[in-house]
Amino acid sequence: MAKIFCVANQKGGVGKTTTTVNLAAGLAKVGQRVLMIDLDPQGNATMGSGVDKRKLDLTVYDVLLESASVAEARVQSQKCGYDVLGANRELTGAEIELVPLERREMRLKQALKAVDGDYDFVLIDCPPSLSMLTLNGLCCANGVIVPMQCEYFALEGLTDLVNTIKQVHANLNKDLQIIGLLRVMFDPRITLQQQVSEQLKGHFANKVFNTVIPRNVRLAEAPSYGLPGVIFDPSSKGAQAFIAFAEEMVERIKGM
Ligand code: ATP
Ligand code: MG
């Protein structure tokens with residue numbers, strides 16, 4: 001059975017997409033079968049996996065509206081080693097089109113049942129909002145990975161997300177939990193970042209992943225080549241951190 005994880009944080013630009021595609025590539029490198037789902041109309045995770053969002057016939061939009069199955073809409077990213085259920089601007093419309101439909105928050109969960117045996121991991125890149133799209137991700141997930149920068153307002157920003165996860169857990173998906181907070185774009189030379197990192201560990205204890213993702217320019221350059229950093233420059237510090245994170249995730253799911 002596949003373990004399903006949302007990469008979510010309603011704050012924009014915190015590293016969700018970078019985390020999703022690099023974790024997907026890292027997991028694939030250590031031998032896991034991975035499906036990466038792009039739930040963001042920006043389509044950055046699709047493009048960042050070497051799949052041209054403008055050329056896709058079928059996307060996660062068709063899956064949410066039940067006009068295609070996951071098996072029909074997924075594509076293989078040969079270079080990256082994992083499958084992609086892509087997204088593009090069309091997905092913006094799903095938000096409104098889903099409103100009158102029954103069990104609208106369960107569409108993705110329902111669709112994923114048919115491919116459950118095909119994967120070890122399903123990773124979902126969420127948009128920077130707590131919208132119907134993110135809700136579809138949260139309803140089918142076993143856990144949420146929360147990338148965050150160790151900045152002054154980091155803890156405050158988490159409150160809304162934590163409350164949403166609690167509500168979804170109580171009402172819609174008993175499996176859901178925060179699997180962990182991932183410190184990203186970390187610069188150990190900045191004292192404030194070290195302080196916030198310590199605060200995080202104080203508050204969330206073992207919910208903070210051991211792996212820390214450093215700020216690394218190769219990770220930022222990789223998307224313009226349509227690749228995750230892990231594939232673009234495997235020897236870079238950023239890529240190595242994501243491989244370590246993939247190994248940590250493989251260990252974490254053993255107890256789940
Ligand atoms: P959005 O909320 O718009 O979906 P996001 O949370 O998905 O954004 P990303 O797109 O992953 O965030 O990252 C934002 C920017 O930071 C990008 O330009 C990305 O290349 C850069 N970035 C992410 N992680 C790192 C890192 N560890 N080191 C350097 N740059 C990074
Ligand atoms: Mg993103």
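In each ligand, atom 1 is the first atom listed, and ligand 1 is the first ligand listed.
- An N or O contact shorter than 3.5 Å is missing between Cys126 and ligand 1 by distance.
- With atom 1 (P) of ligand 1 as the reference point, the heavy atom nearest to it among Ala45, Gly13, Gly229 is part of Gly13.
- A salt bridge does not link Lys109 with Asp175: every distance from a Lys NZ or Arg NE/NH1/NH2 to an Asp or Glu carboxylate oxygen is 4.0 Å or more.
- Around CE of Met256, the count of heavy atoms belonging to other residues, nucleotides or ligands within 6.0 Å exceeds 12.
- Below 3.5 Å of separation, one finds no N or O of Gly12 facing any N or O of ligand 1.
- A donor-acceptor pair under 3.5 Å is formed between the side chain of Thr59 and the backbone N or O of Tyr61.
- Of all atoms in ligand 1, numbered sequentially from 1 with element shown, those under 4.0 Å from a heavy atom of Asp40 are 4 (O).
- In this structure, atom 11 (O) of ligand 1 lies nearest to the protein heavy atom Thr18 OG1, 2.6 Å.
- Here atom 27 (N) of ligand 1 lies nearest to Pro214 when heavy atoms of Pro147, Gly238, Ala8, Pro214 are compared.
- For atom 6 (O) of ligand 1, a protein heavy-atom neighbour is found at a distance under 4.0 Å.
- Taking CD from Glu248 and OG1 from Thr211, the interatomic distance works out to 3.5 Å, rounded to the nearest 0.5 Å.
- Atom CZ of Arg33 and atom CG of Asp120 lie 4.0 Å apart (nearest 0.5 Å).
- Contact check for Leu123 versus Tyr82: no side-chain heavy atoms found under the 4.5 Å cut-off.
- Protein heavy atom at the shortest distance from atom 12 (O) of ligand 1 is Gly15 N, 3.0 Å.
- Below 4.0 Å from some heavy atom of Val14 lie the following atoms of ligand 1, by number and element: 5 (P), 6 (O), 12 (O).
- In this structure, a donor-acceptor pair under 3.5 Å is absent between the side chains of Thr17 and Asn44.
- Within the protein, the number of N, O or S atoms lying under 2.8 Å from the Mg ion (ligand 2) is 1.
- Looking at Arg183, its side chain never comes within 3.5 Å of a backbone N or O of Ser197 through a donor-acceptor pair.
- With a 4.5 Å cut-off on side-chain heavy atoms, Pro188 and Gln194 count as touching.
- Heavy atoms of other residues, nucleotides or ligands lying less than 6.0 angstrom from NZ of Lys207 number more than 12.
- For the pair Leu219 and ligand 1, a heavy-atom separation below 4.0 Å is found.
- Distances between N or O atoms of Arg215 and those of ligand 1 include no value under 3.5 Å.
- With hydrogens left out, the protein atom closest to atom 30 (N) of ligand 1 is Ala220 CB, 3.6 Å, a heavy atom.
- Two residues are said to be in side-chain contact when any heavy atoms from C-beta on lie closer than 4.5 Å; Phe242 and Thr19 meet this criterion.
- Atom CD1 in Ile124 sits 9.5 Å away from atom OG1 in Thr20 (nearest 0.5 Å).
- Less than 4.0 angstrom separates atom 14 (C) of ligand 1 from at least one non-hydrogen atom of the protein.
- Protein heavy atom nearest atom 3 (O) of ligand 1, with residue, atom name and distance: Gln42 NE2, 3.3 Å.
- The shortest N or O to N or O distance between Asn44 and ligand 1 is not below 3.5 Å.
- For atom 23 (C) of ligand 1, the nearest protein heavy atom lies under 4.0 Å away.
- The protein non-hydrogen atom at the shortest distance from atom 26 (C) of ligand 1 is Met185 CG, 3.6 Å.
- Counting heavy atoms from C-beta on, the side chains of Leu130 and Leu161 come closer than 4.5 Å.
- Distance check, rounded to the nearest 0.5 Å: SG of Cys126 to CG of Leu135 gives 10.0 Å.
- Residue Asn216 has at least one heavy-atom neighbour below 4.0 Å for each of these atoms of ligand 1: 26 (C), 28 (N), 29 (C).
- Ligand 1 has an N or O atom lying under 3.5 Å from an N or O atom of Thr17, backbone or side chain.
- Using modelled atom types and a 3.5 Å distance limit, the side chains of Asp233 and Ser235 yield a donor-acceptor pair.
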